[in-house]
A.B. asks: 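This is the structure, below, for whatever I ask next.
Note that ligands are numbered from 1 as they come in the structure, with each ligand's atoms numbered from 1 the same way.
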Amino acid sequence: MNKFLESIKEKAKKLNKTIVFPEGDDERVVKAAEIITRQKIAHIVILGDEAAIKQKHSDADLTGIKIVNPKTIDIAPYAQTLYEMRKAKGMSLEEAEKLARGEMYLGVLMVQMDEADGMVGGAMHPTSDMLRPGLQIIKTTPGISTVSSCFVMVMPERASSFGESGVLIFGDCAVNPSPTAEQLAAIAIASAESAKTIAGFSEPRVAMLSFSTKGSAKHESIDKVVQATEIVQKLVPDLKIDGELQFDAAVVERIAKSKAPNSSVAGRANVFIFPDLQAGNIGYKMVERLAGAEAIGPICQGFRKPLNDLSRGCSVEDIINVTAITAMQAAVG
Ligand code: ACO
């Protein structure tokens, strides 16, 4: 097992956090809950029909897992919380009651109401079904206006010279379809912070990616990347960041020497910021599928309390890893 993956589980075990899994109908989710509980990585609350889950998983040991049925729970307090938060946007109490019965909204409301420290969902739902209640209810950390995401990319042994001993941070690959320069700057700052708090990098080195290196091409989409880099340099002068850089110049020292010889980041970047979601989403999936990297995430950044998404193709191990990271985010506060 990769050292990084082992270390996040060990860290999570010390935190004693409670994480809600809204998708009790998914077999991988129940299996992950069983392993997490047995290994004491976190306390798990599953949303679903207890009798049906126990019947379907008759060979599983579900001792210690709390199961809450969204269909029979007293929904009034959750609906009232949602209504209070969204009435100014035109939501009626009836609408709030209907939405709160849905497992993704109920899970987010449980986090909002301190019944859980975080949520991990998305094994059966598209990313937007997790993000929208999160954006509406949990909202952003004070001082942060953009929720974004990053992946921790764990490269196979043969590629361990890249990034930080083979661990790289990619952002944003899941949330913001067309970020402005300001949003791109926010993504870079949040991803550098995640590199420290989640991946344990002592010195994040951020490459703002483009199809151009230091003026080698001209286009308004490149201007946005340059502008975002300048915004970050003003806001966080201590952060090592450079852009615009092509991926090869960011990651290969020999190429950095010829394309960006004066850069303190080029050739040794460990945090990679894509210019938009098309590039980011395609990019992380290519590295995962063609290079055999383990893609952990998407890890959401900027929510006031941690909510994390899963890919619908996720494995049991993916759910366990994201849960450990969610517990770590809950501890950072
Ligand atoms: N940061 C902070 N606030 C935001 C953000 C953001 N990134 N995006 C929207 N908001 C706010 C809105 O301003 C709105 O605020 P308000 O209603 O309180 O005034 C609130 O959040 C809800 O916004 P909606 O209009 O309901 O949501 P929107 O239509 O803007 O959609 C979403 C937001 C769901 C994140 C959308 O941008 C999206 O679908 N993104 C792509 C997700 C995706 O499909 N990813 C790819 C797959 S992931 C994978 O492959 C692993």
A.B. asks: Just let me know how Ser145 lines up against ligand 1, side chain, backbone, both or neither, with a heavy-atom cut-off below 4.0 Å.
C.D. replies: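 Under 4.0 Å from ligand 1, Ser145 contributes backbone atoms alone.
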A.B. asks: So is Ser311 touching ligand 1 or not, going by heavy atoms under 4.0 Å?
C.D. replies: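 Outside the 4.0 Å threshold, so no.
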A.B. asks: Examine Thr140 against ligand 1 and note whether any of their N/O atoms are separated by less than 3.5 Å.
C.D. replies: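 N/O-N/O distance under 3.5 Å: no.
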A.B. asks: Report the nearest protein non-hydrogen atom to atom 33 (C) of ligand 1: residue, atom name, distance rounded to 0.1 Å.
C.D. replies: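 Heavy-atom neighbour on the protein nearest atom 33 (C) of ligand 1: Leu135 CD1, 3.8 Å.
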A.B. asks: Side chain, backbone, both or neither: which part of Val147 comes within less than 4.0 Å of ligand 1 when only heavy atoms are counted?
C.D. replies: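 The part of Val147 near ligand 1 is both the backbone and the side chain.
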A.B. asks: For Glu244 and Gly215, indicate whether the former's side chain and the latter's backbone hold a donor-acceptor pair under 3.5 Å.
C.D. replies: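 Such a contact is found between Glu244 side chain and Gly215 backbone.
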A.B. asks: Using distance alone, decide if ligand 1 has a nitrogen or oxygen within less than 3.5 Å of any nitrogen or oxygen in Arg132.
C.D. replies: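 So ligand 1 has an N or O lying under 3.5 Å from an N or O of Arg132.
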A.B. asks: For atom 17 (O) of ligand 1, grab the closest protein heavy atom and report residue, atom and distance to one decimal in Å.
C.D. replies: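 Among all protein heavy atoms, the one nearest atom 17 (O) of ligand 1 is Arg86 NH2, 2.9 Å.
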A.B. asks: Less than 3.5 Å between some nitrogen or oxygen of Val175 and one of ligand 1, yes or no?
C.D. replies: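 N/O-N/O distance below 3.5 Å exists for this pair.
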A.B. asks: Any N or O on Asn176 sitting closer than 3.5 Å to an N or O of ligand 1?
C.D. replies: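 There is such a contact, yes.
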A.B. asks: Does some non-hydrogen atom of Lys139 fall short of 4.0 Å from ligand 1?
C.D. replies: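 Within the 4.0 Å threshold, so yes.
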A.B. asks: Could you check atom 50 (O) of ligand 1 against the protein and tell me its nearest heavy-atom contact, residue, atom and distance included?
C.D. replies: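 Minimum-distance protein heavy atom for atom 50 (O) of ligand 1 reads Asn281 ND2, 3.0 Å.
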A.B. asks: Is it the side chain (CB and beyond), the backbone, both or neither of Phe303 that lies under 4.0 Å from ligand 1, heavy atoms counted?
C.D. replies: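 Neither part.
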A.B. asks: Under 4.0 Å from ligand 1, counting heavy atoms only, is it the side chain of Lys89, its backbone, both or neither?
C.D. replies: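 It is the side chain that gets close, since no backbone atom is under 4.0 Å.
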A.B. asks: In the protein, what heavy atom is nearest to atom 48 (S) of ligand 1, and what distance, to one decimal place, separates them?
C.D. replies: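 Ranked first by proximity to atom 48 (S) of ligand 1 is Thr127 OG1, 3.0 Å.
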A.B. asks: Return the closest protein heavy atom for atom 51 (C) of ligand 1 as residue, atom name and distance.
C.D. replies: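 Heavy-atom neighbour on the protein nearest atom 51 (C) of ligand 1: Tyr284 OH, 3.5 Å.
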A.B. asks: Using distance alone, determine whether Ala174 and ligand 1 share an N or O pair under 3.5 Å.
C.D. replies: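 Min N/O separation from ligand 1 is below 3.5 Å for Ala174.
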A.B. asks: Anything under 30° is parallel, anything over 60° is perpendicular, the rest tilted; go ahead and classify Phe151 against Tyr284.
C.D. replies: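 It falls in the parallel class, under 30°.
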A.B. asks: List the residues meeting side chain to side chain donor-acceptor pair (under 3.5 Å) with Glu97, not counting sequence neighbours, and say none if there are none.
C.D. replies: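 For Glu97 there are no side chain to side chain donor-acceptor pair (under 3.5 Å) partners, ignoring immediate neighbours.
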A.B. asks: In chain order, what residues pass the side-chain contact (heavy atoms from CB on, under 4.5 Å) check against Arg28, with sequence neighbours excluded?
C.D. replies: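 Counting only residues at least two positions away or on another chain, Arg28 forms a side-chain contact (heavy atoms from CB on, under 4.5 Å) with Asp26, Ala123, Cys314, Val316, Ile319.
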